[in-house]
Structure formats: C-alpha cells, structure tokens
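Working notes for the structure below.
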Amino acid sequence: MVGATAYAAVRAVAAGPGDTLVVAGAAGGVGSIAVQLAVNAGATVIGLASEPNHQWLADHGVTPVSYGEGVADRIRAASAGHVDAFIDTVGTGYVELALELGVQPDRIDTIADFAAAAKYGVKVEGNGAAANAGVLAELAAMIDKGQLEIPIAKVYPLTEVQAAYQDLAQGHTRGKIVLRP
Ligand SMILES: NC(=O)c1ccc[n+]([C@@H]2O[C@H](COP(=O)([O-])OP(=O)(O)OC[C@H]3O[C@@H](n4cnc5c(N)ncnc54)[C@H](OP(=O)(O)O)[C@@H]3O)[C@@H](O)[C@H]2O)c1
C-alpha cells in the first residue's frame, strides 16, 4: 500500500529532472519510498524529517531538513528559494506551507489533509490511484535491481502485535514495521 501510494503521489506532482520537490514525512512508510522514486526520476528532493532520519535520507540522495519552528526558512535556504512540487504525508499544515513556498496547487499532493485539499484545490492522489498489479510489478522490479529500498524499522513476532502497533502509533517509524507470523 505504501508503495502504490508513494508512486501515485510522485506521479501526481510530476516530479522530474529540473524540479525541486519537498516531501513532508520523508522517512515514513510512504515518504521513504516517495523520496527514492523522485530521486530516481531525476528530481532534486528535500526531505522533512527528524534528526535520527537525516543520515538515511542523505545516503539516498535526499537533502534532509528538520521540521518544526522555522521550517519554511530552512526549506528556502536548502532550495535556493524555489520549490516546484510538494508531497504531504503528514497533514498538519503542510498544504498551507507548500502554498506559502509558492508551489502551484496542481503540483501539491496530500494523502493526509483532505480538508486543506478541498479548501485549496490541491491533489489527493494516493493508494487508490495506483494500487494495481502493474505498479506493484514495477516497484518489485526496482527493489530487485537495488534501485528501491524498503527500510524495515523493526521486526516483531505476531504474538507482539500490540507492541508493534504501539511503536507505529508513535509516528516516527523509518519505513515499515514487519510482523512475523
Ligand atoms: N491517502 C492514501 O492513499 C494513504 C495511503 C497510505 C497512508 N496514508 C496516510 O498517510 C499518512 C502517513 O502514513 P505513513 O504510513 O507514511 O506513516 P508513518 O510511517 O507513521 O510515518 C509518519 C511520518 O510522519 C513524520 N512526522 C511525525 N510528526 C511530524 C511533524 N510534526 N512534521 C513532519 N513530519 C512528522 C515522521 O517523521 P520522523 O520520523 O522523521 O519524525 C514519519 O516519517 C498517515 O496519515 C496515513 O493514514 C494515506
């Protein structure tokens, strides 16, 4: 699901060569795949993430930027003042931030803030727009060729499913948590 969602979001904002794309939630389940797809497509990618995820992003060709107070200025500094596209996987004011940075509504995609999307006319393409066998085969081929990594934050036995969900609910998982039956 996160693969198809990331695929749909990157396609929705048409990230490609010459573009600077900002991804909010850049090291999360959806974001960690979206940033890699956008880098592979030739875009310059700025990833918003907390400090423990900065090295992983840098290792994958992404410029890491911390979120929180002053984030708009840090993005302007990292992008030389020009952002073409924005993917929001978090949903707490990032659509407004993208507009404030001068991104056109048709190059903003949110998978988490449907109220802002309705208000500002930005895109909401997510899982439903790309969940098909062709896209999954494309993503699997990228993984097979070493062009796409799905980070595994932790592996839990199925008997510890509650702990796995409590971990996920903290909202700071890098990539995915695996449950092993
Ligand atoms: N519409 C769809 O089709 C669709 C599909 C899949 C998911 N979703 C939704 O998309 C959202 C993300 O899903 P996910 O699986 O990627 O979640 P996740 O793996 O839990 O990732 C959450 C991310 O949010 C970041 N984060 C937490 N607080 C933040 C803040 N204040 N500012 C910026 N970033 C912050 C975390 O970054 P750090 O760890 O670096 O702090 C983390 O990377 C969820 O709301 C989910 O329901 C929608």
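All values derive from a computational prediction rather than experimental measurement. When a ligand or atom number is given, it counts from 1 through the structure's own listing order.
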Heavy-atom nearest neighbour of atom 43 (O) of ligand 1 within options Gly28, Gly93, Ala6, Ala4: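 Looking at heavy atoms only, Gly28 sits closest to atom 43 (O) of ligand 1.
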Contact check: Ala49 vs ligand 1, nitrogen or oxygen atoms, below 3.5 angstrom: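 So ligand 1 has no N or O lying under 3.5 Å from an N or O of Ala49.
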Per-atom contacts, ligand 1 versus Thr89 - under 4.0 Å to a heavy atom: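 Those qualifying, in numeric order: 10 (O), 11 (C), 12 (C).
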Leu21 and Val23, any side-chain heavy atoms less than 4.5 Å apart: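 Answer yes - side chains close enough.
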Cationic N near anionic O, under 4.0 Å, Glu100 to Arg76: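 Result for this pair is yes, salt bridge flagged.
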Exceeds 12 heavy-atom contacts within 6.0 angstrom, atom CZ of Phe114: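 Yes.
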Using a 4.0 Å heavy-atom cut-off, which part of [X] comes near ligand 1: side chain, backbone, both, or neither?
X	result
Met1	side chain
Ala27	backbone
Asn53	side chain
Asn127	both

Ligand 1 contacted by Val90 (non-hydrogen, < 4.0 Å):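 Checking ligand 1 against Val90, which is what was asked, there is a heavy-atom contact under 4.0 Å.
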Heavy-atom protein contact below 4.0 Å for atom 41 (O) of ligand 1: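 Under 4.0 Å from atom 41 (O) of ligand 1, at least one protein heavy atom found.
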Under-4.0 Å protein heavy-atom contact, atom 27 (C) of ligand 1: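 It does: a protein heavy atom is found less than 4.0 Å away from atom 27 (C) of ligand 1.
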Check: Gln36 side chain, Glu149 main-chain N or O, donor-acceptor pair, under 3.5 Å: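 Flag set: sc Gln36 to bb Glu149 pair under 3.5 Å.
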